[in-house]
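Reading through the structure tokens given below for one structure.
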Amino acid sequence: MKTNGVITLNQEYKKQHQWKKPIYQVSQLNLWYSDFLALKDLSFDIHEKEVTAIIGPSGCGKSTFIKTLNRMVELIANVKIDGEILYHDKNIFDDAMKVETLRTQVGMVFQKPNPFPKSVFENVVYGPRVHGINDKKKLMEIAEISLTNAALWDEVKDRLHKNAYDLSGGQQQRLCIARSLATEPDVLLMDEPTSALDPIATYKIEELIEQIKKDYTIVIVTHSMQQASRISDKTAFFLMGELIEYDKTEKIFSSPADQRTEDYITGRFG
Ligand SMILES: Nc1ncnc2c1ncn2[C@@H]1O[C@H](COP(=O)(O)OP(=O)(O)OP(=O)(O)O)[C@@H](O)[C@H]1O
Ligand SMILES: [Mg+2]
């Protein structure tokens with residue numbers, strides 16, 4: 001009996017503490033903008049079907065880091081990178097890695113909603129159209145599923161052919177999420193997706209993240225400690241381009257190992 005009890009306990013412990021499979025393995029990553037070293041020797045894993053929050057003061061490299069995960073950062077002139085990022089065990093910087101494929105699999109949502117000056121419908125089906133899907137019925141199906149998953153369908157189903165600019169800011173942001181989901185990405189990168197939104201729109205997006213994380217890996221940059229602790233599984237704290245601490249979110253917010261993390265989350269600096 002006792003032994004059984006111990007075994008059960010161990011299994012339960014293991015289940016609770018098991019970290020899921022890494023989808024990204026970042027190692028010794030350095031990134032320069034010309035001579036300025038913006039990311040310093042970063043090494044950590046990002047796990048599948050989890051929400052990873054990146055926190056830290058302004059200018060610490062959060063946006064730079066998430067833009068590195070789909071190589072968008074390389075669109076900026078004079079960026080130099082060394083180190084390795086394995087995505088599903090393959091180095092994203094290898095010649096064999098097709099950047100277009102990577103960017104299709106790793107979608108991105110920005111701080112400011114950036115819909116195209118097109119209808120709601122055309123915004124959502126943009127990616128699938130680029131990938132050669134032209135069948136009207138199929139496109140409508142994709143639009144409905146993506147908008148439903150982005151918690152926007154009910155609000156826009158009667159105005160699919162109206163201009164996306166007529167939507168509210170919060171609706172536009174959910175439309176951008178729907179547009180990302182329509183290409184069936186594997187990972188969704190979100191750079192302060194709610195910072196321009198009111199509390200209700202923010203709540204809707206947080207709820208949406210909660211719902212879609214069973215199917216997607218999400219990396220989110222946020223300045224809100226409450227948001228990071230509400231929605232993320234893991235949290236990485238950056239300071240001046242360095243990774244100071246990375247752990248389960250509840251650990252970071254209850255008993256961080258580093259004094260600098262504690263100072264930041266309690267609002268003593270940053
Ligand atoms: N295109 C660029 N050229 C040169 N330096 C840059 C460029 N973009 C960012 N930097 C610098 O790299 C550092 C990290 O910037 P980054 O935008 O990644 O910070 P962040 O953590 O996202 O900040 P914030 O919270 O204000 O959005 C900063 O010092 C910034 O000035
Ligand atoms: Mg930023």
Side-chain angles (χ1 to χ4, degrees), residues 24 26-44 46 51-85 87 92-93 99 102-103 106-114 169-170 172-173 176-177 180 187-197 201-202 205-206 209 217-232 234-247 249 252-253 256 258 260-270:
Y24 277 111
V26 179
S27 59
Q28 297 175 319
L29 178 72
N30 290 289
L31 183 145
W32 289 262
Y33 290 112
S34 302
D35 293 337
F36 174 70
L37 182 56
L39 299 178
K40 301 175 190 163
D41 200 31
L42 301 183
S43 296
F44 69 116
I46 291 171
V51 178
T52 300
I54 312 287
I55 62 167
S58 186
C60 70
K62 304 178 296 297
S63 298
T64 300
F65 174 69
I66 69 162
K67 281 189 291 187
T68 308
L69 295 176
N70 67 354
R71 296 187 54 181
M72 286 242 320
V73 77
E74 290 167 51
L75 300 173
I76 301 167
N78 301 318
V79 164
K80 203 183 101 212
I81 299 172
D82 76 27
E84 191 179 73
I85 299 183
Y87 168 64
I92 65 168
F93 304 119
V99 178
L102 179 70
R103 291 191 192 138
V106 184
M108 186 146 181
V109 174
F110 300 86
Q111 176 170 6
K112 254 183 76 203
N114 60 347
Q172 288 187 16
Q173 192 60 306
C176 293
I177 295 173
S180 295
V187 179
L188 202 53
L189 308 174
M190 304 176 117
D191 195 352
E192 302 185 51
T194 63
S195 65
L197 305 180
T202 297
I205 291 191
E206 288 186 7
I209 291 171
T217 302
I218 295 166
V219 185
I220 182 170
V221 170
T222 179
H223 277 279
S224 159
M225 299 301 111
Q226 288 88 342
Q227 181 163 74
S229 60
R230 273 195 301 264
I231 65 172
S232 69
K234 304 275 161 55
T235 296
F237 171 58
F238 283 29
L239 191 60
M240 295 193 295
E242 276 182 78
L243 175 68
I244 303 299
E245 191 167 348
Y246 171 59
D247 212 320
T249 296
I252 294 279
F253 287 97
D258 195 290
R260 291 166 293 180
T261 315
E262 169 134 17
D263 289 348
Y264 182 71
I265 62 170
T266 54
R268 253 168 272 169
F269 73 84

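Both counts, for ligands and for their atoms, begin at 1 and track the order of listing. Residue numbers count from 1 along this sequence.
Within the 4.0 Å heavy-atom cutoff, G56 does not count among the residues contacting ligand 1. Heavy-atom separations between H223 and ligand 1 include at least one value shorter than 4.0 Å.
The shortest side-chain heavy-atom distance between Y33 and V79 falls under the 4.5 Å cut-off. Using a 4.5 Å cut-off on side-chain heavy atoms (C-beta onward), T222 and I231 make no contact. Side-chain contact between T68 and L39: present, with at least one pair of heavy atoms (C-beta onward) separated by less than 4.5 Å. A heavy-atom distance below 4.5 Å is found between the side chains of E74 and I81. Here the side chains of T249 and I252 are not in contact, with every heavy-atom distance at 4.5 Å or above.
Among the backbone and side-chain atoms of S63, an N/O/S atom is found under 2.8 Å from the Mg ion (ligand 2).
Here the side chain of R103 pairs a donor or acceptor atom with the backbone of R71 at under 3.5 angstrom. Side chain of Y246 to main chain of K234: no donor-acceptor pair is present (N/O by atom type, distance under 3.5 Å, no hydrogens or angles). Without hydrogens or angle criteria, Q173 side chain to P193 main chain gives a donor-acceptor distance under 3.5 Å. In this structure a side-chain-to-backbone donor-acceptor pair under 3.5 Å is present from K62 to G56.
Of all protein heavy atoms, the one closest to atom 17 (O) of ligand 1 is S63 CB, 3.9 Å. The closest protein non-hydrogen atom to atom 12 (O) of ligand 1 is Y33 CE1, 3.3 Å. Atom 26 (O) of ligand 1 has its closest protein heavy atom at S58 OG, 2.5 Å. Of all protein heavy atoms, the one lying nearest to atom 1 (N) of ligand 1 is I76 CG2, 3.5 Å. Protein heavy atom closest to atom 27 (O) of ligand 1, with residue, atom name and distance, is E192 OE2, 3.6 Å. The closest protein non-hydrogen atom to atom 28 (C) of ligand 1 is G59 O, 3.6 Å. Atom 15 (O) of ligand 1 has its closest protein heavy atom at T64 OG1, 3.7 Å.
Atom 3 (N) of ligand 1 is flagged as protein-proximal [any protein heavy atom, distance under 4.0 Å]. When distances from atom 30 (C) of ligand 1 to the protein are checked, no heavy atom turns up under 4.0 Å.
Considering backbone and side-chain N/O of A38, none are found under 3.5 Å from N/O of ligand 1. Inclusion of C60 in the set of residues having an N or O under 3.5 Å from an N or O of ligand 1 is warranted.
A tilted orientation is assigned to the rings of Y87 and Y24, their planes being inclined by 30° to 60°.
The proximity of F36 to ligand 1, defined as any non-hydrogen pair under 4.0 Å, is limited to the side chain.
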